[in-house]
Amino acid sequence: FGSIQVSESFHTIETFNGVTFVTYASEQTLNISYYEVSSTVWGRNPVTDLPRCYRQLTFKIYSKSVVTNGHLTIMLDGSSAIVDITNLKEGVNSVDGFTVISDYEDFGHYHPMKCYLTVKNGPNFMYDYTEFDYWIDFPRYFPLEVCTLYVTPNNPIIRDLASNISSWPKWLTIVNWVASNIDYPSEDADGDGKPDYDYIKHGKRDYWQLPIETLNLRTGDCEDYAILYCSLLRASGYDENSVFVMVGHTNELGKIFYGDSWHAWVRVNLDGIWTDIEPQDPTGIIAGFLMDFAMFEGVYRFNDVYFEKIK
């Protein structure tokens with residue numbers, strides 16, 4: 001797991017040396033009732049370029065009396081942090097100051113979070129212990145707030161793959177590689193005649209994959225192709241103003257063939273000409289032209305730096 005730390009300063013605690021715990025607090029006297037996520041900020045791991053989450057936690061503590069000398073210790077997957085408590089009042093109190101840092105490997109799993117509350121009670125201490133299941137996952141629907149984090153040009157695996165695709169022009173050889181090496185399974189789960197990849201593979205109506213996941217699975221749907229292709233182009237030297245993942249819906253003509261549908265593709269500036277490319281097709285540009293100008297209208301565009309609603 002990433003770590004849990006005190007928001008302003010970090011230090012760990014192993015034991016309360018020389019302290020004898022003589023009283024276990026009852027729920028009517030002192031207890032850690034629950035915790036809340038007070039804020040969430042998404043960023044990138046500077047080494048892997050994969051999503052990283054910073055969460056501020058607030059713990060709710062019930063006390064029967066005023067407390068001016070206590071400590072709250074939180075342990076999470078081998079990491080621990082402690083804050084001093086000097087102002088617990090009678091009733092329910094909020095104790096904040098904890099930040100949990102989670103990386104890609106931590107997402108989608110429960111993590112035991114052990115909470116120890118100690119309060120000075122005369123010459124000895126009174127304590128309460130509570131354990132919670134901590135859960136964190138990356139948004140996997142059409143996640144407007146984290147779209148840019150899906151494009152990962154600085155991930156080592158993406159950089160290595162981009163450098164190994166050495167033929168020219170880069171945009172064409174890369175789209176050919178993506179279309180030839182990633183498969184879009186056609187299984188239809190609900191009988192509407194359309195592929196239901198996300199539901200069949202991930203059990204969800206919509207599930208966006210990170211580029212490394214698409215490479216590992218060698219399968220994906222439209223946005224997975226587009227995000228992988230955009231990441232590889234960015235890793236190959238296309239700057240943040242020259243390539244975007246496009247997300248759009250069917251226009252009036254497109255609705256005749258595809259119904260009311262959404263699609264994702266890539267838009268690249270090729271020698272001054274903005275060109276729509278379909279990364280599911282090895283020819284790329286022909287299918288891209290038909291998709292955007294004939295069937296779909298772009299609504300959003302993004303890469304690892306920018307996110308913009310264009311219509």
Side-chain angles (χ1 to χ4, degrees), residues 42 138-152 171 175 178-179 182-211 213-214 217 219-234 238 240-270 273-311:
W42 289 96
F138 192 51
R140 296 292 190 158
Y141 46 89
F142 183 20
L144 301 182
E145 70 275 18
V146 294
C147 274
T148 58
L149 297 179
Y150 273 91
V151 181
T152 58
W171 70 267
V175 75
V178 171
I182 306 301
D183 182 45
Y184 189 166
S186 59
E187 288 86 353
D188 176 11
D190 55 12
D192 65 354
K194 301 177 182 178
D196 293 305
Y197 173 77
D198 287 339
Y199 180 78
I200 293 171
K201 187 66 179 179
H202 302 290
K204 297 183 179 180
R205 180 177 176 272
D206 196 17
Y207 188 98
W208 286 30
Q209 295 173 182
L210 290 159
E213 295 171 330
T214 301
L217 294 169
T219 56
D221 59 8
C222 63
E223 75 271 4
D224 305 322
Y225 276 82
I227 290 168
L228 173 60
Y229 182 45
C230 182
S231 297
L232 289 168
L233 288 181
R234 288 281 288 119
Y238 286 80
E240 68 273 17
N241 297 304
S242 299
V243 55
F244 294 91
V245 174
M246 302 293 299
V247 179
H249 58 68
T250 45
N251 56 25
E252 292 306 314
L253 177 61
K255 289 178 182 178
I256 297 175
F257 295 92
Y258 297 102
D260 191 6
S261 301
W262 287 79
H263 184 57
W265 65 97
V266 173
R267 182 169 290 173
V268 187
N269 190 328
L270 301 178
I273 301 174
W274 284 103
T275 305
D276 290 296
I277 296 177
E278 174 52 70
Q280 298 178 49
D281 180 2
T283 64
I285 192 169
I286 299 175
F289 178 86
L290 293 175
M291 282 292 181
D292 186 47
F293 290 99
M295 300 290 182
F296 290 87
E297 296 176 324
V299 178
Y300 301 96
R301 70 174 189 172
F302 67 93
N303 54 32
D304 53 301
V305 177
Y306 299 116
F307 172 83
E308 181 183 10
K309 185 174 182 179
I310 58 177
K311 190 171 183 178

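Numbering of residues begins at 1 and proceeds along the displayed sequence.
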Of all the heavy-atom pairs spanning Ala179 and Tyr225, show the shortest one and how long it is.
CA-CE2, 4.4 Å
Nearest 0.5 Å please: distance from the CG atom of Asp224 over to the OG1 atom of Thr219.
8.0 Å
Output for pair (Asp304 CG, Arg234 CZ), nearest 0.5 Å, gives 4.0 Å
Taking all atoms of both residues into account, what is the closest heavy-atom pair of Gly220 and Pro185, and its distance?
O-CD, 4.3 Å
Relative to the ring of Tyr150, is the ring of Trp208 parallel (under 30°), tilted (30 to 60°) or perpendicular (over 60°)?
perpendicular
With side-chain contact (heavy atoms from CB on, under 4.5 Å) as the test, would you mind laying out the steps for Tyr238 and Leu270 before giving the verdict?
CA-CA 10 Å; Tyr238 286 80; Leu270 301 178; 4.2 Å; yes
For the residue pair Val305 and Thr148, establish whether any side-chain heavy-atom pair is separated by less than 4.5 Å.
no
Rounding to 0.5 Å, atoms CG (Asn269) and CG (Asn241) come to a distance of 9.5 Å
Specify the closest pair of heavy atoms between Ala264 and Glu278, including all atoms of both residues, with the distance to one decimal.
O-OE1, 4.3 Å
Scanning both residues in full, the closest heavy-atom pair of Val245 with Val151 reads CG2-CG2, 4.4 Å
Answer yes if the ring centres of Phe138 and Trp42 are under 6.0 angstrom apart, and no otherwise.
yes
If we only count heavy atoms from C-beta on, is the Thr214 to Ile227 side-chain gap below 4.5 Å?
no
Side chain proximity check, Val243 to Tyr229, heavy atoms < 4.5 angstrom
no
For atom NZ of Lys255, is the number of surrounding heavy atoms from other residues, nucleotides or ligands below 6.0 Å larger than 12?
yes
Flag, side chain of Ser231 to backbone of Thr152, donor-acceptor distance under 3.5 Å:
yes
Distance in Å, Tyr207 OH paired with Arg140 CZ, rounded so as to fall on 0.5 Å steps:
3.5 Å
Kindly give the heavy-atom pair with the smallest separation between Val266 and Cys230, and that separation in Å.
CG2-N, 4.4 Å
Aromatic plane relationship, Tyr197 with Tyr184 - under 30° parallel, 30 to 60° tilted, over 60° perpendicular:
perpendicular
On a heavy-atom basis, which atom in Ile277 and which in Val268 lie closest, and how many Å separate them?
CD1-CG2, 3.9 Å
Rounded to the nearest 0.5 Å, what separation is found between the CG atom of Asn251 and the CD1 atom of Ile256?
9.0 Å
For His249 and Val299: C-alpha separation, side-chain torsions, deciding distance, then whether side-chain contact (heavy atoms from CB on, under 4.5 Å) applies.
CA-CA 7 Å; His249 58 68; Val299 178; 3.5 Å; yes
Give, for atom CD of Gln209 and atom CD of Glu223, the distance between the pair rounded to the nearest 0.5 Å.
7.5 Å
Just do the side-chain contact (heavy atoms from CB on, under 4.5 Å) check on Arg301 and Arg267 with the steps written out, would you?
CA-CA 9 Å; Arg301 70 174 189 172; Arg267 182 169 290 173; 5.6 Å; no
Within a radius of less than 6.0 Å around OH of Tyr199, do more than 12 heavy atoms belonging to other residues, nucleotides or ligands occur?
no
Electrostatic pair Lys201:Glu213 at N-O distance under 4.0 angstrom
no
